[in-house]
Number of protein chains: 2
Amino acid sequence: MMAEEQKPLLTAANKLREYKIKNTPQRQVILSYLMTSHEHPSIEMIFNYVRGNGFSVSLATVYNTLQLLIDHNLIIEIASDSGGHMRYDYFEEPHYHVICVNCNKIVDVFDKSYKRLETEAMEKTGYQVFNSQYEVYGLCPECQLKLRKEKADLD
Amino acid sequence: MMAEEQKPLLTAANKLREYKIKNTPQRQVILSYLMTSHEHPSIEMIFNYVRGNGFSVSLATVYNTLQLLIDHNLIIEIASDSGGHMRYDYFEEPHYHVICVNCNKIVDVFDKSYKRLETEAMEKTGYQVFNSQYEVYGLCPECQLKLRKEKADLD
DNA sequence: CTTCCTGCAAAGCCTTTGCATGAAC
DNA sequence: GTTCATGCAAAGGCTTTGCAGGAAG
């Protein structure tokens with residue numbers, strides 16, 4: 001097992017140091033949650049996670065911290081549409097998201113080929129491109145079953 | 001010149017009829033605005049546009065109408081990030097968006113090759129895919145100049 | 001004639017802000 | 001010791017809701 005997986009809080013602390021962001025317990029917990037879970041959590045999930053692990057935190061701090069991490073390009077914001085709540089994701093390896101429109105579960109696909117379009121975008125528009133995001137919307141396998149069953153029950 | 005370009009309100013009315021959506025002046029104006037302008041307007045821009053053209057409308061109706069059009073897959077919502085305001089776009093021909101992070105201008109690129117990834121997403125995740133969106137973030141040519149000038153003025 | 005859209009105002013919710021305390025470096 | 005993060009509570013802004021009147025089909 002890799003050291004990083006054993007001490008996520010330490011890994012997060014190091015990452016903060018690397019980016020010259022002042023280390024606080026709240027920031028370490030929030031970042032380590034984003035780095036290790038693959039839940040793409042919402043603000044509320046993050047807030048509950050931090051408190052649930054015995055750390056004090058306020059919503060204001062969650063908002064502040066997420067904005068800070070976004071500004072440093074450590075994480076990205078995902079518009080999860082149905083429900084209208086933003087979700088957050090540690091973004092080291094380029095990947096795209098497949099989002100369930102029913103339960104909002106988000107799955108990663110680690111294929112960065114979509115990044116190739118950044119060049120085309122630059123050439124066709126003259127924009128100086130920094131970044132791009134690809135998102136796919138559909139129904140996850142569980143929700144496909146659930147909805148099929150609900151429909152069957154109506155018959 | 002094509003007929004559609006001459007009578008945008010009529011075209012919008014027909015589109016509503018085609019989708020079996022009850023025709024009202026507000027809906028016609030909103031849809032025709034989205035179909036003809038390439039501004040990817042925000043809620044507020046739509047509200048002002050409708051009133052500016054001599055039609056009565058309330059914010060509640062703008063929200064209702066946009067949600068209705070989204071539910072019928074006539075338009076899509078774009079998360080324009082900086083500023084946090086949603087933008088709306090008539091979405092007939094598949095295309096992706098290049099968004100200026102400084103002035104929020106959104107430009108279309110009509111290359112649907114990104115849609116090919118939907119198949120991969122389906123195979124890799126088991127999701128039943130409906131839809132996908134690709135967005136590129138950068139600086140538009142005008143803002144590149146503006147920011148370069150501002151920087152020069154500091155010297 | 002029935003359905004259901006509009007628009008107002010109120011309610012609701014999420015996010016941001018200001019400021020005092022206290023922690024990080 | 002200085003800087004700056006935290007957290008509370010209050011303010012702010014956007015979006016939704018309920019309901020009465022009225023338009024669309």
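None of the values given here were measured: they were computed from a predicted structure. Order of the sequence lines fixes the chain letters, A, B, ..., with proteins taken first and strands second; residue numbering starts at 1 for each chain.
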Residue B:His85, side-chain heavy atoms: nucleotide from D:dC4, C:dT6, D:dC14 that is nearest: D:dC14
Does D:dG7 have its OP1 or OP2 closer than 4.0 Å to a side-chain nitrogen or oxygen of A:Ser56? yes
Check for a donor-acceptor pair, side chain of A:Ser32 on one end and backbone N or O of A:Val29 on the other, with a separation under 3.5 Å. yes
Could you state the CG-C1' distance from B:Leu68 to C:dC4, rounded to the nearest angstrom? 11 Å
Strictly below 4.0 Å: does A:Gln26 bring a side-chain N or O up to OP1 or OP2 of D:dG7? yes
Want to settle it: does A:Ile43 or B:Arg27 sit nearer the 5' end of DNA chain C, counting the closest nucleotide to each? B:Arg27
For B:Phe47 and C:dC8, what is the distance between atoms CZ and C1' respectively, to the nearest whole Å? 12 Å
Please state how far atom CG in B:Asn64 lies from atom C1' in D:dT17, giving the value in whole angstrom units. 10 Å
Please check: side-chain N/O of A:Gln28 versus main-chain N/O of A:Leu16, any donor-acceptor pairing under 3.5 Å? no
Protein-nucleotide distance (A:Leu69, atom CG; D:dA5, atom P), rounded to Å: 12 Å
Respond yes when some side-chain nitrogen or oxygen of A:Thr24 is under 4.0 Å from OP1 or OP2 of D:dT6, and no when none is. yes
Would a distance-only check, ignoring hydrogens and angles, find a side-chain to backbone donor-acceptor pair under 3.5 Å from B:Gln144 to B:Leu139? yes
Which word best sums up how the rings of A:Tyr134 and A:Tyr96 line up, parallel for under 30°, tilted for 30 to 60°, or perpendicular for over 60°? perpendicular
Contacts of B:Glu44 and A:Ser58 projected onto DNA chain D by closest heavy atom; the upstream (5') one is A:Ser58
Please state whether the rings of B:His95 and B:Phe110 are parallel, tilted or perpendicular, taking 30° and 60° as the class boundaries. tilted
Between B:His85 and B:Asn104: side-chain donor-acceptor atoms closer than 3.5 Å: no
Taking B:Asn23's backbone N and O only, do any of them form a donor-acceptor pair with B:Arg17's side chain (distance below 3.5 Å, no angle check)? no
Atom-pair distance (OH on A:Tyr63; C1' on D:dA9), nearest Å: 15 Å
Please state how far atom CD in B:Gln67 lies from atom C1' in D:dT16, giving the value in whole angstrom units. 11 Å
Considering only side-chain heavy atoms of A:Arg51, which listed nucleotide, D:dG7, D:dC8, C:dT15, is closest? D:dC8
Just verifying a value: how many Å separate B:Thr36 OG1 and B:Leu31 CG, rounded to the nearest 0.5 Å? 9.0 Å
Which of the following nucleotides, C:dT15, D:dG7, C:dT6, is nearest to the side chain of A:Ala60? D:dG7
Give the rounded distance in Å between these two atoms: CD of B:Gln28 and C1' of C:dT6. 14 Å
Net bend of the helix from C:dC1-D:dG25 to C:dC25-D:dG1, end axes of five pairs each, nearest 10 degrees: 60°
Figure out the NZ/C1' separation between B:Lys20 and C:dT3, and round it to whole Å. 17 Å
Which listed nucleotide (C:dT3, C:dT15, C:dT6) is nearest to the side chain of B:Lys22? C:dT3
Side chain of A:Asn23: nearest nucleotide among D:dG7, C:dC5, C:dC25? C:dC25
